[in-house]
Q: 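Sending over a structure as structure tokens; questions will come in a sec.
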Amino acid sequence: MRFSAPLLGGLVVVVIALSMANKGSADEPDTQAAGPQSSETDAETPMGRTGGSVAALGIRGDGVTLTFDDGPHPTHTPQVLDLLAERRTRAIFCLVGGQVRQHPELVQRIVADGHVLCNHTESHDPNLAARPPDEISQEIATTSEAISEAAPGAEARYFRQPARHVTPEVAPIAEEHGLAILDWTVDSQDWKKPGAAAITDVIAEALHPGAVILLHDGGGDRSQTVDALPDILDAIQNAGYRVAITPPLP
Ligand SMILES: [Zn+2]
């Protein structure tokens, strides 16, 4: 199913209308795509987002946002940070509370390097929406607490639900915690480990104004993502987009 969404400058961006279903393992955390109201996966589909939701993010112009999920990871997060620093590029890091507690020094570095934090829950439960509201709230609260303890003064600004776009069960609870919802419009599918070139190609072909690009620095071996990152940044630049425009906060 496809939707067309008019964006600025008369551009029409066709995005694939998918809700993200979730059967993710720890190694494939965010990308089990399925059609709306469907539990069937369609992992071959390159990205998931409704057209209307692109506009709902409120991003304008030629900016695109890089997001890195499921860290901090002791190997790959420093590598990603090094590459982003070399290119003077900022990104949003969606942190898992359990990882934050294990690697507080990496949270400190993410913040020190000028990146923005996103709360990606304590345990990365792909079935978060099925849990009682108080448990959902606890998943969010403990992650925010872990971030504050790891890097005093730092706080997550955004919330991203594990393994899918935010659901109606979860969104109001995240907003109660003062977090802005952060979904994505371009799924790099880096979790499939298709090779660095393939990861870059998926992104390059899906770029659009206001793109929010899903990548992973944690949750498994992300060496392909690290290898791809310089080429991803080149592809974004060569296509005339600016990197690291973060979605506006409420
Ligand atoms: Zn995730």
Side-chain angles (χ1 to χ4, degrees), residues 18-34 41 43 45-49 53 57 65-77 80 91-103 106-107 110 115-131 135-136 138-144 146-147 150 156-167 169-171 173-174 177 179-194 199 202-203 212-226 228-229 247:
L18 293 174
S19 63
M20 304 305 290
N22 158 35
K23 297 175 181 176
S25 68
D27 199 46
E28 299 177 351
D30 278 330
T31 45
Q32 296 290 337
T41 59
T45 306
M47 53 177 284
R49 192 36 148 155
S53 297
L57 281 172
T65 300
L66 295 176
T67 67
F68 292 91
D69 282 19
D70 301 350
H73 185 285
T75 301
H76 305 302
T77 301
V80 167
I92 300 177
F93 285 81
C94 297
L95 305 180
V96 174
Q99 295 296 111
V100 167
R101 283 175 227 287
Q102 292 183 50
H103 309 289
L106 292 178
V107 180
I110 292 168
H115 303 292
V116 175
L117 303 183
C118 171
N119 183 321
H120 200 34
T121 75
E122 178 68 30
S123 65
H124 201 277
D125 179 2
N127 296 315
L128 184 69
R131 293 167 64 173
E135 290 188 16
I136 296 171
Q138 190 73 5
E139 281 275 334
I140 297 170
T142 56
T143 301
S144 288
I147 289 170
R157 315 286 295 279
Y158 298 95
F159 172 80
R160 175 171 283 171
Q161 189 164 337
R164 66 180 70 212
H165 288 154
V166 70
T167 60
E169 299 87 351
V170 175
I173 300 173
H177 286 271
L179 301 169
I181 302 302
L182 180 68
D183 289 332
W184 59 88
T185 68
V186 177
D187 178 357
S188 71
Q189 302 188 64
D190 61 343
W191 59 274
K192 285 183 172 180
K193 302 174 187 169
I199 295 169
V202 166
I203 294 170
V212 178
I213 301 167
L214 172 65
L215 292 157
H216 293 84
D217 64 327
D221 180 355
R222 305 306 180 199
S223 56
Q224 292 185 5
T225 304
V226 173
L229 187 53

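Note that the structure is a prediction, hence the values are computed from the model and not measured. First listed ligand is number 1; within each ligand, the first listed atom is number 1. Starting from 1, each residue takes its place in the sequence as its number.
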Q: Using the rule given for salt bridge (Lys or Arg N to Asp or Glu O under 4.0 Å), can you reason through Asp69 versus Arg160, listing the C-alpha separation, both sets of side-chain angles and the distance that settles it, and then say yes or no?
A: CA-CA 9 Å; Asp69 282 19; Arg160 175 171 283 171; 2.7 Å; yes
Q: What orientation do Phe93 and His115 show, parallel under 30°, tilted 30 to 60°, or perpendicular over 60°?
A: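 The rings of Phe93 and His115 stand perpendicular, inter-plane angle above 60°.
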Q: Write the atom name of the N, O or S atom in His124 that is nearest the Zn ion (ligand 1).
A: NE2
Q: His120: which N/O/S atom is nearest the Zn ion (ligand 1)?
A: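 Looking at His120, the N, O or S atom with the least distance to the Zn ion (ligand 1) is NE2.
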Q: Taking 2.8 Å as the cut-off, does Asp70 contribute an N, O or S atom near the Zn ion (ligand 1), distance below it?
A: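 Within the cut-off used here (under 2.8 Å), Asp70 does place an N, O or S atom near the Zn ion (ligand 1).
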Q: Taking backbone and side chain together, does His216 place any N/O/S atom at a distance below 2.8 Å from the Zn ion (ligand 1)?
A: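 His216 does not place any N, O or S atom closer than 2.8 Å to the Zn ion (ligand 1).
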Q: Could you point out which residue of Val96, Asn119, Leu179 forms a side-chain contact (heavy atoms from CB on, under 4.5 Å) with Thr143?
A: Asn119
Q: Using 2.8 Å as a strict upper limit, say whether an N, O or S atom of Cys94 approaches the Zn ion (ligand 1) that closely.
A: no
Q: Flag the pair Leu95 / Leu117 as yes when at least one side-chain heavy-atom distance between them is below 4.5 Å, and no otherwise.
A: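 Heavy-atom side-chain distance check passes, below 4.5 Å.
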Q: Hey, is Glu169 close enough to Arg131 for a salt bridge, meaning N to O under 4.0 Å?
A: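 No.
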